[in-house]
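This report refers to the structure that appears directly beneath it.
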Amino acid sequence: MKGRLLTWVWLLLLMTFVVIGTNGVWKRGAWGRWRNDAQEAGINDDFKWVLGVDDGAALLREQFKQLQPGGAVYIVAASGGVKASELCFALGYLLWPCHVWKSELGPHGLVPIEEGVGGKEKPVAIVFYQMQIKPPDGLQAVPLGPEASVVFLKNKL
Amino acid sequence: MIGLLLLFALAIMIITGLSLAAWILSSREATYYDLFGLGIPLGIGWVTMAQFLSGSLLHGVTQIFVVTVLSLGVSGMAIFQVKLRNSGLRNAELSPWWLVILLLQFLFMVWQTLFDSMHADGLLLWEFKAHLAFLNGGSIPREYFSDPSRLWSHQDYPLMLPMLETWVYQWIGESNQTLAKAPFPLFYLAAAALMIGGAQRLSGQPWRGALAAVLMGFIPSLTLEPGGAASGWGDFPLAVCYLGAVVFLLHFLKTNSCESLYAFAGMSALLPWVKNEGVVLWGCLLVVLAVICWIHRALASFFRAAIPTLAVLVLWKCFVAVMHAPKLKDFVPVTLETLQANAGRIPILALAVPQQIIDFDRWSLLWPVAFVALWLLVRRQRNREALVFAWGIFFPITLFSGVYLFSAWPDYRFHFATSFPRLLVDVAPVALFLLGLVIPRMIFDRKHTPPASLE
C-alpha cells in the first residue's frame, strides 16, 4: 500500500514537472516573426532598446560610414548607466576597429569613465546619449534616434 | 545554396566527431547513442581547434579546405582502425514512442534556435569574435586581443563557440546571425543521446535516460532562457560536455573500462575550450578521479585522463599570455582579508541561492526533485555512483555560489542575479540524468534495492 502511494507521488511530481515546465517554455518561446532576415538581429534589438528605432544598426552604419578606421569614439552619458553601456558595446561591435569609450563631459572636456584602461585618444566622433546632454557650442549634432545624437569632429572626417 | 553549404559545414563536423567517437568506443557495450553523444561535441571540438590552430598560417578558402581535408583524413583513419578492430556498436532497446517525442522536441529546439535572436552574451561575447574572424579571413585579428576598449567582450574567453560560428560563416560566405546558431541544436541532440546511452550503460535501461531527456525539454533554463540550448550562448554546450564527462566517469568507475576513461578524457578536454568555468568543473571531477585512482594505485589511468585537458588548458593560457589579453576584473583576489571584509554577504547569498533554485518558472521542479533523488540515492546506495553524483552536483554549485563573496561588482547582488542562474545550467543536465536514473529505480525497483554498502 505504501509502495503504491509512493509510486503515485512520484508520478504526480513528474506530471507537475511537465505542466510547470510547459508553462515556462510557452512564456519564453519566440513566437514572433521568422528571422530569416536576421542579419545583425541582436544588434538591431539592442539598438531598438537603446535608441528607440527599429533598424538601429543600419542607421549607425550609415552615419558612421565616413569615419576613419582606428579612431576613437566617445560616448557621453549623464548617468553612465546600463543603457549607455549597451550603446558602448553595440558601437564597439559595429565600429571595429575604432576604439569606443564610455565617458563623461566634464568642465574641461571628455573624461573617460573606465579609468586607467585608455580613453586618452583624440576623438573622431562623440555620441551623446540622452538628448538633454547638449554638445558644446559650435558642434552640430546629428540625431541617431529619440535618445541619442552624434557629433562628427570635422578634422577627422 | 547557402542551406547546402551550411549542411556541408555541419556534416563535416558530425562525420569527424562520429568517426573519432567510433574509434574510442571499442567495447561491445557501446551503443549508437554513445556514438552521437560523444561524437557531436568531439567533432565540434576538433574542427574549432583546427580552425584556431590553422588561423595564424592559413586564410579564407585555403583554411577551410585544409581543415576539411584534415578532418576527413582523421575520420578515414579512425574508420579504418574501427574496421580493423571489427567491433560493432549495438542499438539500445528503446520504444519508438520515446524517439518520436524526442524528435519533436529536437525540431522545436531547431525552430526556436533559428527564431530567436542571440541577445547580449551570444552577440557580444561569442558572435562578435566570429564576425571579426570572418572579416579577417578566418582568424581573429591579433590587435583585438589587446584592445583595452573592448574589455567588455572578454578577450580571455576560450574560442570554441566563436570558431564554430566562424566555420559556418566561412562555409556560407557571409556573417549571418541566424545561421550562426544553426549548430547549437546539435548540442541538445548530444545531451539527449548522452542521457540515453548513459542510462543504458549504468542501468541497462535506456528509457530512464530517455525520461531525463524528455524532461529536459520542459526546463526553460535549459532550452529557451539565455544560456539555454536555443540561445547560442556558451552555458549549454559546457553543460553537455560536463554531462558527458560525468556519464563516462561513472561508467569507468563501475567497470574500469579504458573506453570510458578515454571518452571521459575527450569530453573533459572540451570543458576549458568552451568556457573558463569549464576548468572548475574539470577540477571537480578530477578530484574524484584522483582519489579513486590513488586508492586503487591506478595513477597511470589518472594521467591518461588528465593530460588532454591539461594540454588544451596550457595551450589556451599561453595564447592569452602571448596576446597580452587584458582580463575584466569581475572578481577581487581570493584572500582571507577579502573573505573577512565580505563576510556580511554570506547570509544574503545563503538566502539567494535557494531562491534561485526554487524559481519554478525557470527550472520547473528540477532542483527540489533532484535533491530528493540525490538524498535517496546516497541513503540507499553508498557507492561510487552516489559519490560522483553528490560531488559533481553539490561541489560546483557551492563553488559557484561562494565565488560571489569575491565579486568586484559594486552591486554583487546584481552580479549574482545575472550570472548565477547560468552557472546552474552547467550542472543541470547531470541533475536531470540523476533524476532519470533514480526515480524509476524508486518506483519500480523498491523491492530489489541493494543493501547499503561502500565499495
Side-chain angles (χ1 to χ4, degrees), chain A residues 2-4 6-11 13-14 16-46 70 72-73 82 85-86 88-102 112 114 116-119 121, chain B residues 108 111-120 122-124 127-128 131-132 135 141 143-144 147-153 174-179 181 211 214-221 223-225 228 230 232 326 360-366 368-369 372 435 439-440 442-444 446-447:
Chain A
K2 190 185 163 193
R4 186 170 290 180
L6 196 61
T7 304
W8 281 108
V9 168
W10 278 119
L11 288 176
L13 261 180
L14 286 180
T16 315
F17 193 119
V18 170
V19 170
I20 295 175
T22 307
N23 180 45
V25 168
W26 180 257
K27 279 199 278 188
R28 282 161 180 81
W31 314 112
R33 68 188 166 86
W34 177 250
R35 287 183 179 276
N36 56 3
D37 58 343
Q39 285 281 355
E40 293 168 352
I43 276 287
N44 275 327
D45 282 354
D46 280 346
V73 176
V82 176
S85 297
E86 292 279 342
C88 182
F89 302 155
L91 280 176
Y93 179 104
L94 284 170
L95 301 181
W96 170 266
C98 286
H99 294 164
V100 181
W101 300 106
K102 206 165 66 170
E114 291 95 347
V117 292
E121 301 149 287
Chain B
F108 174 73
W111 176 37
Q112 289 293 314
T113 303
L114 298 178
F115 217 92
D116 200 9
S117 68
M118 289 181 157
H119 305 289
L123 193 74
L124 300 169
E127 198 275 342
F128 175 46
H131 190 74
L132 291 183
L135 294 176
E143 56 270 29
Y144 160 76
D147 178 356
S149 74
R150 283 182 174 76
L151 204 59
W152 46 265
S153 67
E174 63 177 52
S175 66
N176 182 318
Q177 290 177 347
T178 302
L179 298 184
K181 287 173 75 188
L211 173 69
V214 167
L215 288 178
M216 182 167 66
F218 294 99
I219 300 175
S221 280
T223 52
L224 306 183
E225 280 268 312
F360 296 148
D361 213 28
R362 269 186 173 149
W363 294 104
S364 190
L365 297 182
L366 172 68
V369 179
V372 171
L435 201 146
I439 289 185
M442 297 303 152
I443 296 175
F444 300 109
R446 273 192 316 277
K447 289 175 186 169

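Quick caveat: nothing in here was measured; it's all calculated off a predicted structure.
Of all the heavy atoms in B:Asp147 and A:Trp96, the pair that sits closest is OD2-CZ3, 3.8 Å. When all heavy atoms of A:Ile20 and B:Ser364 are compared, the closest pair comes out as CB-OG, 3.7 Å.
The candidate from B:Leu366, B:Thr223, B:Val369 with the greatest count of non-hydrogen atom pairs under 4.5 Å with chain A is B:Leu366.
Side chains of B:Pro368 and A:Phe17 form no contact here, defined as non-hydrogen atoms less than 4.5 Å apart.
For B:Phe128, the side-chain contact (heavy atoms from CB on, under 4.5 Å) partners two or more places apart in sequence, or in a different chain, are A:Tyr93, B:Leu132, B:Tyr144, B:Arg150, B:Trp152, B:Ser153.
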Going by atom type alone, with no hydrogens or angles, which donor-acceptor pairs under 3.5 Å involve a side-chain atom of residues 21-28 of chain A and a protein atom two or more places apart or on another chain?
{"from": "A:Thr22", "atom 1": "OG1", "to": "A:Val18", "atom 2": "O", "distance (Å)": "2.6"}
{"from": "A:Lys27", "atom 1": "NZ", "to": "B:Asp361", "atom 2": "OD1", "distance (Å)": "3.1"}
{"from": "A:Lys27", "atom 1": "NZ", "to": "B:Asp361", "atom 2": "OD2", "distance (Å)": "3.3"}
{"from": "A:Arg28", "atom 1": "NE", "to": "B:Glu225", "atom 2": "OE2", "distance (Å)": "2.2"}
{"from": "A:Arg28", "atom 1": "NH1", "to": "A:Gly24", "atom 2": "O", "distance (Å)": "3.2"}
{"from": "A:Arg28", "atom 1": "NH1", "to": "B:Asp361", "atom 2": "O", "distance (Å)": "3.3"}
{"from": "A:Arg28", "atom 1": "NH2", "to": "B:Glu225", "atom 2": "OE2", "distance (Å)": "3.1"}

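At a 4.5 Å heavy-atom cutoff, the contact between B:Val372 and chain A is made by side-chain atoms alone. In this structure, chain A has a heavy atom under 4.5 Å from the side chain of B:Pro141, while its backbone stays farther away. The contact between B:Leu124 and chain A is made entirely by side chain atoms (from C-beta outward), counting heavy-atom distances below 4.5 Å.
Note that CZ of B:Phe218 is 11.0 Å distant from CG of A:Leu14, once rounded to the nearest 0.5 Å.
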